[in-house]
Number of protein chains: 2
Amino acid sequence: MGTELTSDLPSERARHVLRILVEHYIREGQPVGSRTLSLTAGLDLSPATIRNVMADLEDLGFIAAPHTSAGRIPTAKGYRFFVDTLVRLQPMAEPDVIRLQGQLEDRFRGDAKAIASAASSALSALTSLAGVVTIPRQQKATLRHIEFLPLSGRRVLAILVVNDAEVQNRILDMDRDYTEEELRRAANYLNEQFTGRDLSEVRTRLRANLDGTREYMNRLMLDSIAGHAPKAGTESAGYVLSGETKLMNFQELSDVEKIRQLFEAFGEQREILTLLDRSVAAQGVQIFIGEESGYRILDDCTIVTAPYTVGDQIVGVLGVIGPTRMAYERVIPIVQVTARLLGAALNSDLNVGPDFGLRPDLNSGS
Amino acid sequence: MGTELTSDLPSERARHVLRILVEHYIREGQPVGSRTLSLTAGLDLSPATIRNVMADLEDLGFIAAPHTSAGRIPTAKGYRFFVDTLVRLQPMAEPDVIRLQGQLEDRFRGDAKAIASAASSALSALTSLAGVVTIPRQQKATLRHIEFLPLSGRRVLAILVVNDAEVQNRILDMDRDYTEEELRRAANYLNEQFTGRDLSEVRTRLRANLDGTREYMNRLMLDSIAGHAPKAGTESAGYVLSGETKLMNFQELSDVEKIRQLFEAFGEQREILTLLDRSVAAQGVQIFIGEESGYRILDDCTIVTAPYTVGDQIVGVLGVIGPTRMAYERVIPIVQVTARLLGAALNSDLNVGPDFGLRPDLNSGS
DNA sequence: CGCTAGCAATCGCCCATGTAGAGTGTCAAG
DNA sequence: CTTGACACTCTACATGGGCGATTGCTAGCG
């Protein structure tokens with residue numbers, strides 16, 4: 001027994017072998033034997049010695065043999081060690097970065113779902129995996145314009161234009177009917193006082209102004225502004241998934257039953273969303289390998305995620321879903337960069353948006 | 001050789017055999033042999049005789065043997081003859097109809113995409129196939145309110161409220177910048193003249209009024225109204241697909257590669273949409289069996305569609321997608337009834353919608 | 001003490017072979 | 001026209017042997 005066995009960590013040489021093995025397996029998809037490693041490891045060791053090292057690695061739980069006399073393949077723990085300490089990340093090619101940047105910034109101004117969709121497609125195209133992007137929470141939503149229309153049955157239709165050109169609308173159930181004149185006055189008041197302000201600011205100011213004389217109006221106005229976030233996209237909170245079909249190309253997922261369960265999970269959204277939510281806590285790229293996710297359905301899958309931010313607020317999560325055997329050294333930087341660029345695109349969208357640059361008069365409260 | 005061979009149509013007896021064969025195959029999914037038919041056909045014929053009949057049916061192209069010495073299975077032509085002349089439709093169970101009606105009428109007022117989505121899910125649940133519903137064209141779109149907001153770069157944000165409380169918005173690229181005052185005047189003009197009118201009417205009237213003096217305004221106004229239909233839902237014109245994953249349960253589609261192509265086609269939307277469009281022409285239920293669709297990808301699939309109407313205008317198409325071997329006698333009535341009920345739900349939505357019942361003043365043109 | 005060469009053993013994969021079962025086509029007799 | 005009988009065909013399934021890849025072990029080497 002080698003000295004490695006006394007420790008939980010493999011020796012330097014074993015780490016090298018493990019790296020070569022994982023890299024090779026990721027490339028070829030076939031179990032890797034001692035002969036192959038002896039030839040490609042660059043260590044100039046005979047297969048027999050390699051075998052000893054592999055036996056150690058197997059004892060430590062990093063690799064496993066699908067059956068006697070096939071080579072070894074990495075376990076989830078093996079992949080974990082690989083991505084944590086062995087992988088040599090391959091930065092994205094500069095042209096790809098520039099193209100990606102263009103796709104994200106290009107005229108998606110204001111439409112949260114569209115830009116999420118673009119990011120998702122881009123992720124899928126770059127990685128040949130499934131891309132997933134949560135629809136960004138609109139942390140900063142600056143009021144541009146508001147309008148009320150009376151409906152029947154004491155309901156009022158509120159139309160908000162926020163940020164550049166994002167139109168939101170919701171129906172408010174009120175205590176009594178309002179005349180058109182009343183609604184016009186309320187809208188005028190809001191437009192005059194609060195155009196260019198952040199919605200949360202509008203909310204607090206409205207609460208402060210609640211002086212009793214016009215309480216019912218305040219109720220109307222508060223409701224119209226309140227809780228705008230959850231209805232940001234069309235389908236309420238959710239994510240955009242792209243390139244799911246690419247997953248069917250992988251042999252390890254070529255079982256129809258597995259694919260079916262996976263796609264059903266995609267449709268349900270719940271499980272995937274809670275999984276994505278977990279990565280909000282983390283700072284950078286987070287990786288769930290196989291069984292680590294805790295969901296049986298994803299046992300053969302890895303999810304690589306990263307939160308994306310506007311300012312220093314996390315507004316969403318993006319990532320890719322693929323088989324555990326994926327090209328981590330390429331995928332991780334792609335997710336990383338996409339998160340940064342998406343954040344940047346959203347940010348420029350909010351702050352140097354065309355409107356507020358050119359029309360300061362709108363922000364001055366007229 | 002029997003006398004049938006001189007005709008393109010099978011004899012009475014052959015038709016009976018064909019019916020039993022198709023019914024049996026749909027139920028069991030296994031090729032049907034002469035012995036089985038002899039036992040279940042109720043004709044009291046020996047297997048040998050049945051074999052003669054089957055030979056005739058095979059010559060006519062209604063059935064085929066996957067290989068020597070397996071039973072026969074229906075060809076596309078066989079299914080076609082079956083659904084055209086042999087099938088005994090099984091009306092939907094009354095409770096199911098009532099439940100379906102409830103699902104469709106229930107509080108989806110105004111939201112075209114939501115009601116299409118509900119219909120699609122219902123179709124999928126009732127048939128255990130994939131349900132598909134095009135988002136209804138809003139044939140009658142009455143202008144409720146319009147508003148313009150200036151953006152940067154000669155762009156203008158137009159916000160329309162149509163029908164009850166449906167908010168549409170689009171960005172118009174104009175030739176020059178407009179002042180807020182100009183935009184306000186344009187909006188006022190439209191609101192005063194056309195509130196309560198149908199959008200198509202507004203369009204024609206605007207064209208007629210194009211008198212040169214205010215041409216640029218007309219351009220703006222026309223653009224804001226024009227082509228509102230394609231942007232009805234969120235994702236522009238399209239359809240809602242439900243229960244795709246159910247298709248993976250069928251053995252005839254259990255090949256991963258086939259499934260992949262099918263799902264990619266679903267994602268593309270184009271091919272499916274053109275196929276659905278074809279059934280707009282037809283009056284009632286239309287069926288595309290296997291290769292009849294003209295799309296290789298759908299060779300093993302049947303699509304059962306029906307247009308649905310508001311008033312007497314066809315506003316959309318719905319249907320189901322499944323393997324050619326599906327329970328036609330149940331599926332056809334389900335599609336039929338769903339189309340009728342969806343039309344009815346949309347109709348009640350438009351005509352006795354809460355707004356127009358209670359606020360006739362809005363419709364009178366002020 | 002670690003590395004290596006050699007060797008027997010193990011196991012999955014592939015292919016050929018054999019067999020059972022299901023169904024067909026045909027033909028002569030009823 | 002129908003039927004029973006028979007030979008024929010083809011698939012599905014199980015069986016078994018050979019092949020190749022790879023391992024674990026052990027003895028020997030530096």
Side-chain angles (χ1 to χ4, degrees), chain A residues 1-7 10-14 16-18 20-21 24-25 28-75 251-252 254, chain B residues 1-7 10-14 16-18 20-21 24-25 28-75 251-252 254:
Chain A
M1 315 255 176
T3 56
E4 307 84 16
L5 272 185
T6 57
S7 153
S11 70
E12 174 62 33
R13 191 174 68 180
H16 183 89
V17 169
L18 178 58
I20 304 296
L21 188 148
H24 191 96
Y25 179 69
E28 308 291 338
Q30 298 294 328
V32 188
S34 55
R35 211 185 89 90
T36 315
L37 282 176
S38 161
L39 293 175
T40 60
L43 280 181
D44 215 33
L45 292 175
S46 80
T49 311
I50 300 281
R51 280 202 285 279
N52 286 328
V53 178
M54 288 166 85
D56 293 345
L57 286 170
E58 186 162 14
D59 288 340
L60 290 173
F62 291 116
I63 58 178
H67 55 84
T68 332
S69 181
R72 308 304 217 299
I73 62 177
T75 60
Q251 357 158 335
E252 44 265 78
S254 62
Chain B
M1 317 256 175
T3 55
E4 309 84 14
L5 273 185
T6 57
S7 153
S11 71
E12 172 62 33
R13 191 175 65 178
H16 183 88
V17 170
L18 179 58
I20 304 297
L21 187 148
H24 190 96
Y25 179 69
E28 307 292 337
Q30 298 295 326
V32 189
S34 57
R35 209 186 91 91
T36 315
L37 283 174
S38 160
L39 292 175
T40 60
L43 280 181
D44 216 32
L45 293 175
S46 79
T49 312
I50 300 281
R51 280 202 284 279
N52 287 328
V53 179
M54 288 165 85
D56 293 346
L57 285 171
E58 186 163 13
D59 288 340
L60 290 173
F62 291 114
I63 58 179
H67 56 82
T68 335
S69 182
R72 308 305 218 298
I73 62 178
T75 60
Q251 353 156 338
E252 45 266 78
S254 63

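Predicted model, so just to flag it, every value in this text is computed and none were measured. Residue numbering restarts at 1 for every chain, and letters A, B, ... go by the order of the sequence lines. The basis for the numbers below is simple: all heavy atoms, side chains too, and nothing from hydrogens, waters or symmetry mates.
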Assign a letter to each nucleotide of nucleotides 8-15 of chain C from its 5' end: B, base within under 4.0 Å of a protein heavy atom; S, sugar-phosphate only; -, no contact.
--BSS---
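Rounded to whole angstrom, the span from the CZ atom of R72(B) across to the P atom of dA22(C) amounts to 17 Å. The nearest whole Å value for the distance from the CZ atom in R35(B) to the P atom in dG21(C) is 13 Å. dA21(D) atom P lies 13 Å from atom CG of L39(A), rounded to whole Å. If you take CG of L37(B) and P of dT24(C), they are 8 Å apart, rounded to a whole angstrom. Between the CG atom of L21(A) and the P atom of dT23(D) there is a distance of 10 Å, rounded to whole Å. As rounded to whole Å, 14 Å separates atom C1' of dG23(C) from atom CG of N52(B). Rounded to whole Å, the distance from CG on L45(B) to P on dC1(D) is 13 Å. Regarding R51(A), its CZ atom lies at a distance of 14 Å from the P atom of dA21(D), rounded to whole Å.
Between P31(A) and D44(B), the residue anchored closer to the 5' end of DNA chain D is D44(B), taking for each the nucleotide with the nearest heavy atom.
As judged by a 4.0 angstrom heavy-atom cut-off over every strand, A70(B) is placed among residues touching the sugar-phosphate backbone only.
Of the side-chain N and O atoms in T49(A), one or more sit less than 4.0 angstrom from OP1 or OP2 of dT4(C).
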Begin from the C-alpha positions of M54(A) and L21(A) and carry the test side-chain contact (heavy atoms from CB on, under 4.5 Å) through to its verdict.
CA-CA 10 Å; M54(A) 288 166 85; L21(A) 188 148; 4.2 Å; yes
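The closest side-chain heavy-atom distance from R13(B) to T49(B) is below 4.5 Å. Contact of the T36(A) side chain with the E28(A) side chain is not registered, since no non-hydrogen atoms from C-beta on lie closer than 4.5 Å.
The backbone N or O of S46(A) lies less than 3.5 Å from no partner atom in the side chain of S38(A), so there is not a single donor-acceptor pair. With hydrogens and angles disregarded, no donor-acceptor distance shorter than 3.5 Å links the side chain of S34(B) to the backbone of R51(B).
Residues meeting the side chain to side chain donor-acceptor pair (under 3.5 Å) test with S254(B), sequence neighbours left out: none.
With V32(B) as the fixed residue, the side chain to side chain contact (heavy atoms under 4.5 Å, CB included) test singles out one of V17(B), L37(B), T40(B): L37(B).
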